[in-house]
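Okay, so here's the structure we're looking at.
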Amino acid sequence: MFVSEKELNADLCLESGQVFRFQRTRDGWIGVDGSDVIRCKRVRGGWEVSSSPNASAAREFFQLERSAQEICKQIVSLAGELKPFVAKHRGLRVLRQSRADETLLSFVCSVNNNIERITRLVNWLGGLGREIERGLREFPSLKRIEALTEFELRSNGFGYRGRTIPAAAREAAARGADWLDSLRQLPYADAHEQLMQVPGVGPKVADCVCLIGLGHEQAVPVDTHLWNAATEMYFPEWKGKSVTASRYKAVGDMFRDKFGELAGWAHQYLFYDRVLARRRRVTPVFFSQ
DNA sequence: CCCACACCGATT
DNA sequence: ATCGGTGTGG
């Protein structure tokens, strides 16, 4: 299906640290969600998006039944100060991964880590899954990841996450095959609280899983980028201070009060703007001499 | 409730 | 040397 660039920018969606296993192709992107292969091809004025074998998979993954333009309009009407951020990143959307276990393990990999290395680690885990077609695999089961040894993971560059990854998979699996999926039916706060009981999962990782894996769009993952942005804009008295549990909650609650169900979307534009600003700073080719 | 520190590898 | 979430201990 064709999607206008006003509604979708696949580059932003797939490079913004929401999912880690999509690869660039000559004319776009290819990757897996659940058991479906998703393709995005850049065309005049937008993107040609498709998925197989399930043709509706791409629509669900990118949440294409929702209008990003409408969502942005609502965000700006609730907080005019965000207008420059949504304008700058048109087509950035909150994704919805169908496998919450992939989201969980991906964000356990993300702890104390940068997008490049997270990508490498998550793709290493992905290499253990069933191959759908050449080079494209389902994410492995919790049981498969539970069986990995800390030594094996450490030897493959996971560092101390080599301990938390199998531990998190074991705990999630022990809670029952449909435990993670059942969190979709709970209120956001209850799902968040249960996720926090998994080893290696703190408030930030729990919010990433809520937002991208479970569809709880009140979730606001507060990482250092969002913390810096939010303290500058809304909590100047906390600027330069560290994130404590109560400050973490206060930032999220402020977004939820202001934006309700769109808190997670609002956070995404502010978050990605800081990620970009940082990437630019790290590539000074032009400016050095 | 807040702070300080360890954890590991990437980057400077 | 600094940076980054979680877990632990003061």
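Just the heavy atoms: all of them, side chains too, but no hydrogens, waters or symmetry mates, feed the values below.
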Fill in: Residue pair A:Gln63, A:Arg96: steps toward the side-chain hydrogen bond (donor to acceptor under 3.5 Å, both in side chains) verdict
CA-CA 7 Å; A:Gln63 303 208 68; A:Arg96 190 165 294 186; 3.1 Å; yes
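- Of the candidates A:Leu183, A:Leu180, A:Val201, A:Gln194 forms a side chain to side chain contact (heavy atoms under 4.5 Å, CB included) with just one, namely A:Leu183.
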Between protein and nucleotides 8-10 of chain C, what N or O pairs are separated by less than 3.5 Å?
none

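- The nearest whole Å value for the distance from the CD1 atom in A:Ile165 to the P atom in B:dC8 is 13 Å.
- Defined by atom type and a distance below 3.5 Å, a donor-acceptor pair is present between the side-chain atoms of A:Arg175 and A:Gln197.
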Table of protein N/O atoms under 3.5 Å from nucleotides 3-5 of chain C N/O atoms:
unit_1, atom_1, unit_2, atom_2, d
C:dG4, OP1, A:Thr224, OG1, 2.9
C:dG4, N9, A:Asn112, OD1, 2.6
C:dG4, N2, A:Asn112, O, 2.6
C:dG4, N3, A:Asn112, O, 3.2
C:dG4, N3, A:Asn112, OD1, 2.9
C:dG5, OP2, A:Thr224, N, 3.3
C:dG5, N7, A:Asn112, OD1, 3.3
C:dG5, O6, A:Asn112, ND2, 3.2
C:dG5, N1, A:Asn112, ND2, 2.5

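- Phosphate proximity of B:dC8 to A:Arg154: present, with a side-chain N or O under 4.0 Å from OP1 or OP2.
- The CD-C1' distance, from A:Glu116 to B:dT12, rounds to 15 Å in whole Å.
- Residue pairs satisfying the ring pair (Phe, Tyr, Trp, His ring centres under 6.0 Å) criterion with at least one member in residues 169-196 of chain A, sequence neighbours excluded, are listed as follows: A:Tyr188-A:His192.
- Residues A:Leu142 and A:Leu105 approach most closely at CD2-CD2, 3.6 Å, considering heavy atoms.
- The interatomic distance linking A:Arg163 (CZ) with C:dG7 (C1') rounds to 10 Å, in whole Å.
- Residues of residues 242-254 of chain A that place a heavy atom closer than 4.0 Å to DNA chain B, in numerical order, are A:Ser242, A:Thr244, A:Ser246, A:Arg247.
- A:Phe107 and A:Phe20 have perpendicular rings, their planes meeting at more than 60° on a 0 to 90° scale where under 30° would count as parallel.
- Under the rule for a side chain to side chain contact (heavy atoms under 4.5 Å, CB included), the partners of A:Ser35 that lie at least two apart in sequence or sit in another chain are A:Glu138.
- As rounded to whole Å, 12 Å separates atom C1' of B:dC8 from atom CZ of A:Arg120.
- Shown here are the side-chain hydrogen bond (donor to acceptor under 3.5 Å, both in side chains) partners of A:Asn114, two or more places apart in sequence or in another chain: there are none.
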Practice prompt. Apply the test side-chain hydrogen bond (donor to acceptor under 3.5 Å, both in side chains) to residues A:Asp36 and A:Ser51: give CA-CA distance (whole Å), side-chain angles for both, the deciding distance (0.1 Å), then the verdict.
Written response: CA-CA 6 Å; A:Asp36 295 290; A:Ser51 57; 5.7 Å; no
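- In this structure, A:Met254 CE and A:Met233 CE are separated by 8.0 Å, a value rounded to the nearest 0.5 Å.
- Atom CG in A:Asn114 sits about 18 Å away from atom P in C:dT2, given to the nearest Å.
- Annotation: cation-pi geometry satisfied between A:Arg42 and A:Trp47 (NZ/CZ under 6.0 angstrom from ring centroid, within 45° of ring axis).
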